[in-house]
Amino acid sequence: MSDLALPDAAAAPAAGSRPAAVPRHVAVVMDGNGRWARQRYMPRFFGHKQGVDALVRAVNTFADRGVEFLTVFAFSSENWKRPSEEVSGLMSLVLVAVSKYLAKMAGDGVRIRIIGDRSAVSDKLRQAWEHAEQVTRDNHRITLAVAFNYGGRWDVVQACRHAVAQGLPPEQIDEAWLSQHMALSFAPDPDLFIRTGGEMRMSNFLLWQAAYSELFFTECLWPDFGQAEIDAALAAYAQRDRRFGSLPAHPVVPAGT
Ligand code: IPE
Ligand code: IPE
Ligand code: MG
């Protein structure tokens, strides 16, 4: 089924760890487009364009490996601080990407969801998002959630606003209620959180949902993040021992005790 490079015996997880597993949900901060372009003496926009192509390839690879949900950070709440030409270039790129790739993605069995604050984007972009969601809503191979004008803090605030707007008494607000009113209510929490581009920070992505995600940082710039890099991230994940605050099922007793 897959050519996922499983860890060899020497690198296998210690006894008591969970068996190698494929994450159900992967979240990715697709960073490094600008530097990728600069390395080629090209404008940043060129890197963003290549980044879209890399995303289309990555969705298929993750789906082939058995990942059910892929959530990608495409534009953060803070990215409005960039020069206006870059921001408007990104907005038009998204429209071009939808018209160029929607039919292919729909044919590939990808269900598309957009998460983020849609109030600040143009009517045209909002309509394109709604169209993409509508056309792909019955697909089941993989769900691609594109985080656009998304911020983890925004997500928490908008869920709280729902609670207040519904007149919910404080004792009825709990973690489950908030989770059900946050942007990724349709997905389990991400198992694996990948950031390309070498920075080791979350940059306000999925702050709530990634509470127990396994983190994987790579120097690889997003446009170069292909099958080999995806398999390396999945292999690293397969070796992690996820405890969620508990203890390993069969703790390894240190020698000499
Ligand atoms: C990520 O790449 C894409 C967006 C934030 C839209 P960058 O544009 O941040 O690329 P670098 O980090 O400057 O290389
Ligand atoms: C995070 O990348 C946002 C996206 C990839 C969309 P940035 O490049 O904006 O993050 P910082 O500024 O380095 O933290
Ligand atoms: Mg960046």
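Whatever order the structure lists them in is the order used to number ligands and atoms, beginning at 1.
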Novice: Does Asp31 come within less than 4.0 Å of Arg195, counting only side-chain N to carboxylate O?
Specialist: yes

Novice: Within the protein, flag every N or O under 3.5 Å from an N or O of ligand 2, and note the pair and distance.
Specialist:
| from | atom 1 | to | atom 2 | distance (Å) |
| --- | --- | --- | --- | --- |
| ligand 2 | 8 (O) | Asp31 | OD1 | 3.2 |
| ligand 2 | 8 (O) | Arg82 | NH2 | 3.1 |
| ligand 2 | 9 (O) | Asn79 | ND2 | 2.9 |
| ligand 2 | 9 (O) | Arg82 | NH2 | 3.2 |
| ligand 2 | 10 (O) | Arg195 | NH2 | 3.3 |
| ligand 2 | 10 (O) | Ser203 | OG | 3.4 |
| ligand 2 | 13 (O) | Arg201 | NH2 | 2.8 |
| ligand 2 | 14 (O) | Arg201 | NE | 2.8 |
| ligand 2 | 14 (O) | Ser203 | OG | 2.6 |

Novice: Can a salt bridge be assigned to the pair Asp231 and Arg65 using a cut-off of 4.0 Å between side-chain N and carboxylate O?
Specialist: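 Looking at Asp231 and Arg65, the cut-off is met.
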
Novice: Taking the six-membered ring of Trp36, is the NZ or CZ of Arg38 close enough (under 6.0 Å from the centre) and on axis enough (within 45°)?
Specialist: no

Novice: Testing Ile142, Val98, Val110, Val135 for side-chain contact (heavy atoms from CB on, under 4.5 Å) with Met105, which one passes?
Specialist: Val110

Novice: The Mg ion (ligand 3) is nearest to which N, O or S atom of Asp31?
Specialist: OD1

Novice: Flag Arg44 as yes when one of its N or O atoms lies below 3.5 Å from any N or O atom of ligand 1, and as no otherwise.
Specialist: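 Yes - when backbone and side-chain N and O of Arg44 are compared with those of ligand 1, one distance drops under 3.5 Å.
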
Novice: Within the 4.0 Å heavy-atom shell around His48, which atoms of ligand 1 are there?
Specialist: 3 (C), 6 (C), 8 (O)

Novice: So, Arg240 and Asp191, do they make that salt bridge, N to O below 4.0 Å?
Specialist: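 Salt bridge between Arg240 and Asp191, a charged N being under 4.0 Å from a carboxylate O: no.
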
Novice: Whether Arg243 and Asp241 form a salt bridge (side-chain N of Lys/Arg under 4.0 Å from carboxylate O of Asp/Glu) is what I want to check.
Specialist: yes

Novice: Tell me whether Arg126 is salt-bridged to Glu133, with the criterion being a basic N under 4.0 Å from an acidic carboxylate O.
Specialist: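 No.
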
